[in-house]
Colleague: 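The structure is given below, and queries will be raised subsequently.
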Amino acid sequence: MNERDSEAVAAQLVAKGYSLAPAEGTADVVLLNTCSVRDAAEQKAIGKMHGLAAEVRRHRPNVVLGFMGCMAQSRGQALLDRLPDVDLVVGTQKFHRTAEYLDEIFSGKRNKICDVGEEEGSEATIREHILAGNARTRSVTAFVSIMQGCNQYCTFCIVPYTRGQERSRTIPDIVGECRELAARGVKEITLLGQIVTSYGKREIGVRDGRSAFVQLLEAVHEIEGLQRIRFTSPHPKGYGDDLVEAYGRLPKLCESAHIPVQSGSDRILKLMHRGYTRAGCLAIIQKLRRIQPRIGITTDIIVGFPGETENDFEATLSLAQEAEFDNAYIFKYSPRKDTPAATMPDQVPQEIKEERNQRLLNVVNEIGAGKYEAQVGKCVEILVEGPSRRNPARLQGRTRTNKIVVFEGSERQIGQLLDLKIHRTGSFTLYGDPAIVNLDIDNSLSQ
Ligand code: SAM
């Protein structure tokens, strides 16, 4: 989501006549978009700003330095007070005002600006895209922000305080953006929201047994030229029967689901204020696998939440084993200011968090490796995205189940759906050879 917000701000600045600098050392404006979900991310952003002040500002005193996003929102004016080199602080509902504020600073109208207010309609302001144009780097996939904010108030999470209450864009507005992207050559769209499955709950509601989110998926599915749809980040509670059933009914909806379970212990889930149980999560996974047996399932897990005992942690280990996730993002609990969990008793010592993190990682990696191994010898459909990140001489794409596949190919294949035969695996990467160049979508081979 932060990448998407940054891209939209960059596109808005480009539309106003700015151009993207190749490196921060040559830029007239350097804005750091920040995350507050864990303390480490905040410390990294502050450290980076100190570095910019020392390196860039020293040589080019007129450079404008700024913070945007969640840390800007939660710390506001304190950032200007604490870091005298910072000129601009733009909150999460004000990204679209960045160009206007830069104009004011450059024209000398204002010296320093901090705006972290609420703004009605801001959910519909993240819509501009920078799509790379040349054959080698052309954009095949895009993120589309469908809503802002979060109403879940999980006890560990700072997001409702930094992103505000849930506000959703309209279906026609989102479809319009997706249609434009498809017309510009984008083949795959990922719908984005803090809790994407809560989309339009208040504004649109349930119709004919379908949640607003499923109605949106159906509308995006109609777009000609678009070949794949994904979404992130959902909440386990959002996987109602209507969404599960959509996986069997909407061929463009990729067989990939992120189910952030957070913990395998019902006691901890209750303390986290998650609103579901371990059994509930396993039931969702079972339903999804019944409707799409090869679906790729990933998760988020927090280790060391306050009060987590060895027994609770073992329940998480056993959930990971039972659910057989394709991959998991594991986080060590990080106390966040003003969230209920930060002051809960029995905070878990750092060394226990580290140890649990490693034990869980071992289990997740072993199961993941088995899932990737099982792909060897199989034919998978990938959407070719562009040069491989590790070795730009090769190409990479993703399976419908969201696994990266690297292969030897040619530039003209970028943007195509291609069938590959997998011949080996690396760490959470597959390696393949073109089986048949497939210009039509052939779902019979889809994985
Ligand atoms: N849709 C997600 C959900 O169901 O909660 C929310 C995405 S959240 C912004 C990304 C992930 O960050 C969460 O799933 C959680 O695992 C992790 N996270 C959030 N707050 C955290 C904290 N205080 N410490 C460690 N990890 C945290």
Side-chain angles (χ1 to χ4, degrees), residues 1-5 33-44 69-71 73-74 92 143 145-164 166 190-199 201 213 230-240 243 256-265 268-278 280-281 284-285 297-308 313 316 319-320 325 327-344 347-348 350 352-354 356-357 360-361 364:
M1 181 163 287
N2 286 345
E3 274 183 37
R4 173 70 198 109
D5 293 339
N33 195 6
T34 54
C35 170
S36 285
V37 168
R38 285 171 297 281
D39 187 54
E42 292 207 2
Q43 295 315 322
K44 198 169 158 189
C70 287
M71 187 179 73
Q73 184 69 39
S74 64
T92 52
F143 290 112
S145 176
I146 65 169
M147 63 192 293
Q148 286 182 350
C150 178
N151 292 357
Q152 290 295 322
Y153 291 95
C154 300
T155 54
F156 53 79
C157 191
I158 199 168
V159 169
Y161 312 98
T162 57
R163 292 263 176 183
E166 276 170 10
T190 303
L191 303 175
L192 282 182
Q194 287 299 334
I195 304 280
V196 82
T197 40
S198 296
Y199 168 79
K201 263 195 175 157
F213 182 60
R230 302 184 190 274
F231 57 86
T232 201
S233 166
H235 190 286
K237 283 195 298 186
Y239 285 89
L243 179 55
S256 166
H258 186 63
I259 303 181
V261 293
Q262 313 297 357
S263 171
S265 153
I268 296 295
L269 288 173
K270 205 163 180 186
L271 285 174
M272 287 177 163
H273 193 235
R274 290 293 288 174
Y276 55 79
T277 59
R278 169 199 178 96
C281 277
I284 293 164
I285 293 172
I297 297 184
T298 53
T299 192
D300 290 348
I301 298 175
I302 296 178
V303 295
F305 183 82
E308 185 188 73
F313 176 65
T316 299
L319 175 70
F325 297 112
N327 202 351
Y329 301 93
I330 304 171
F331 305 106
K332 287 167 267 185
Y333 169 68
S334 169
R336 309 310 296 127
K337 194 169 152 277
D338 298 332
T339 58
T343 49
M344 281 182 183
Q347 297 282 327
V348 175
Q350 191 60 24
I352 295 185
K353 288 183 195 167
E354 304 280 353
R356 289 181 184 167
N357 181 62
L360 183 57
L361 207 57
V364 164

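In each ligand, atom 1 is the first atom listed, and ligand 1 is the first ligand listed.
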Colleague: Taking ring-ring contact (aromatic ring centres under 6.0 Å, His included) as the test, write out the residues that go with Phe313, two or more places apart.
Modeller: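 ring-ring contact (aromatic ring centres under 6.0 Å, His included) list for Phe313, sorted by chain: empty.
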Colleague: Output all residues satisfying side chain to side chain contact (heavy atoms under 4.5 Å, CB included) with Cys157, sequence neighbours left out; order by chain, then residue number.
Modeller: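 Only Cys154, Val159, Pro160 meet the side chain to side chain contact (heavy atoms under 4.5 Å, CB included) criterion with Cys157.
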Colleague: Contact residues of ligand 1 with a heavy-atom cut-off of under 4.0 Å?
Modeller: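 The answer is Val37, Arg38, Phe156, Val159, Gln194, Ile195, Ser233, Pro234, His235, Pro260, Gln262, Arg274, Asp300, Ile302, Phe331, Lys332, Tyr333, Ser334, Arg336, counting any residue whose heavy atom sits under 4.0 Å from ligand 1.
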Colleague: List the atom of Gln262, the atom of Met272, and the distance in Å for their closest heavy-atom pair.
Modeller: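 Smallest heavy-atom distance, with atoms named: CB-SD, 3.7 Å.
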Colleague: Does Leu319 have any side chain to side chain contact (heavy atoms under 4.5 Å, CB included) partners at least two apart in sequence or in another chain, and if so, which?
Modeller: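 Partners of Leu319 under the side chain to side chain contact (heavy atoms under 4.5 Å, CB included) test: Val261, Arg278, Leu282.
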Colleague: Out of the candidates Lys332, Met344, Lys353, only one should pair with Phe305 under the side-chain contact (heavy atoms from CB on, under 4.5 Å) rule; please name it.
Modeller: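 In the set Lys332, Met344, Lys353, the residue that makes a side-chain contact (heavy atoms from CB on, under 4.5 Å) with Phe305 is Met344.
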Colleague: Determine the interplanar angle of the Phe231 and Tyr239 rings, folded into 0 to 90°, and report it as parallel if under 30°, tilted if 30 to 60°, perpendicular if over 60°.
Modeller: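 If you compare the ring of Phe231 with that of Tyr239, the planes turn out tilted.
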